[in-house]
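Residue numbers count from 1 along this sequence.
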Amino acid sequence: MEEKILSILRFLHGSSGLIALVIAPLAMIAYKGGSWHRRWGITFFYAMAVVTVTAIALAWLRPNPLMGMVAVFSFHMIASGYRSLYHKKLHRGQRPARMDLILQGTAGVINVGLLLWGAAHFMLKHRDPMAGIFLAFGLIGSLMVFANLRRFFKQSHDKQEWLYGHMTGFLGGYIATVSAFSAVNLGMIQPLWLRWLWPTIVGAPLIALWVRHYRGRFARGRRVRELMDTRIQ
């Protein structure tokens, strides 16, 4: 019975991950905020939700806590990007909802756990190739939590911060999806740390450049409604 449950979970996990991997680029190339952008984005979000739930279940049934922690790391970025769509009035004094604080608090605990796990292995000089990977993920995730909480509570706000949060969250989540795909399927990439981290090495600068591009356009007087549909609250 347990093997049957594991087989079902593995199938759901793999098929949902494949859907997420394929769907995200469609959302990226669609007109921002348009009907297809929202459809592909929502599909990606729920596919990743299934990936996360099944990863946690598999990690529980075949004890592998780090698998579950990495799944939460990935989903935190995507969920933060989705919730950013509801934070368009931070510059007017809007406060985060309870679910936002729960999301960031849970992710904070998990990411600090990843960070400490990786750091402890380095300090104890354990030869575990995963130590550097989880140290990197824990650091990135912790910085994301800090950035989100800072955005909620700082005194001065950029009017378009919700957009930058949306872009960074969803694109960061997609990078994590590609990382997982690479780790499982691209064994020709060596060493192991590179197989896990090359999507971050390539993708993080591209996200920064894309956000900078939009910041520049807004600084030159362009309005959000001139560049995309903003019907989502």
How many angstroms lie between CD1 in I23 and CH2 in W40, if you round to the nearest 0.5 Å?
4.5 Å

Has S182 got a side-chain atom pairing as donor or acceptor with V178's backbone, closer than 3.5 angstrom?
no

Are I207 and L197 connected, step by step, through hydrophobic side chains (Ile, Leu, Val, Met, Phe, Trp, Tyr) whose heavy atoms are closer than 4.5 Å?
yes

Where is the tightest heavy-atom contact between S142 and V112, given as atom of each residue plus distance?
OG-N, 3.8 Å

Can you tell me how far CZ of F153 sits from CG of L90, rounded to the nearest 0.5 angstrom?
10.0 Å

Would you give the length of the straight line joining atom CG of L135 to atom CG of L115, rounded to the nearest 0.5 angstrom?
5.5 Å

Is a side-chain donor or acceptor of Q190 paired with a backbone partner of G187 at a separation under 3.5 angstrom?
yes

Taking side chain as C-beta onward, heavy atoms only, is Y214 less than 4.5 Å from K32?
yes

Which heavy atom of L194 sits nearest to which heavy atom of I201, and what is that distance?
CD1-CD1, 4.3 Å

Enter the distance from Y82:OH to L85:CG here, rounded to the nearest 0.5 Å.
7.0 Å

Is the count of non-hydrogen atoms from other residues, nucleotides or ligands lying under 6.0 Å from R39 atom CZ greater than 12?
yes

Would R98 and I102 count as a side chain to side chain contact (heavy atoms under 4.5 Å, CB included) here? Give the steps.
CA-CA 6 Å; R98 181 177 297 177; I102 292 173; 3.9 Å; yes

Compute the ring centroids of H166 and W162, then answer whether they are less than 6.0 Å apart.
no

What's the verdict on side chain to side chain contact (heavy atoms under 4.5 Å, CB included) for W210 and L171, showing C-alpha distance, side-chain angles and the deciding distance?
CA-CA 10 Å; W210 201 4; L171 292 172; 3.3 Å; yes

Between the side chains of Q104 and H76, is a donor N or O closer than 3.5 angstrom to an acceptor N or O?
yes

For the residue pair V51 and S74, establish whether any side-chain heavy-atom pair is separated by less than 4.5 Å.
no

How are the rings of F45 and F75 set relative to one another: parallel (under 30°), tilted (30 to 60°) or perpendicular (over 60°)?
tilted

Tell me if a side-chain donor or acceptor on S179 pairs with a main-chain N or O of W196 at a distance below 3.5 Å.
yes

Determine whether L139 and L114 make a side-chain contact, defined as any pair of heavy atoms from C-beta on separated by less than 4.5 Å.
no

For D100 and P96, indicate whether the former's side chain and the latter's backbone hold a donor-acceptor pair under 3.5 Å.
no

Should E161 and R215 be marked as a salt bridge (charged side-chain N to carboxylate O under 4.0 Å, His left out) after you check the CA-CA gap, both sets of side-chain angles, and the distance that decides it?
CA-CA 10 Å; E161 280 184 340; R215 286 185 185 276; over 6 Å; no

Of the non-hydrogen atoms in W117 and A131, which two are nearest, and what is the gap between them?
CZ3-CA, 3.7 Å

Interatomic spacing from CG in L206 to NE2 in H213 - rounded to 0.5 Å:
13.5 Å

Check the pair F152 / H87 against ring-ring contact (aromatic ring centres under 6.0 Å, His included), numbers first and verdict last.
CA-CA 9 Å; F152 291 155; H87 299 152; 5.1 Å; yes

Considering all heavy atoms, the nearest V72-T52 contact:
N-CG2, 4.4 Å

What pair of heavy atoms forms the shortest contact from Y31 to H37, and how long is it?
O-CB, 3.1 Å

Are side-chain heavy atoms of T54 and F11 found at a separation under 4.5 Å?
no

At their closest point, which heavy atom of S84 faces which heavy atom of R151, and how far apart are they?
OG-NH2, 3.4 Å

Assess the residue pair I78 and F44 against the criterion (side chain to side chain contact (heavy atoms under 4.5 Å, CB included)); give the C-alpha distance rounded to whole Å, side-chain angles, the decisive distance to 0.1 Å, and a yes or no.
CA-CA 9 Å; I78 296 163; F44 175 66; 3.8 Å; yes

Taking everything shown except K4 itself, do over 12 heavy atoms lie less than 6.0 Å from its NZ?
no

Would you say R195's side chain and I189's backbone share a donor-acceptor pair under 3.5 angstrom?
yes

Can you check side chain to side chain contact (heavy atoms under 4.5 Å, CB included) on R62 and L6, steps first, answer last?
CA-CA 9 Å; R62 289 293 171 88; L6 286 170; 3.2 Å; yes

I'd like to check the side-chain contact (heavy atoms from CB on, under 4.5 Å) partners of R220; sequence neighbours left out, ordered by chain and number.
R217

Tell me whether S16 contacts the main-chain N or O of H13 through its side chain, where contact means a donor paired with an acceptor under 3.5 Å.
no

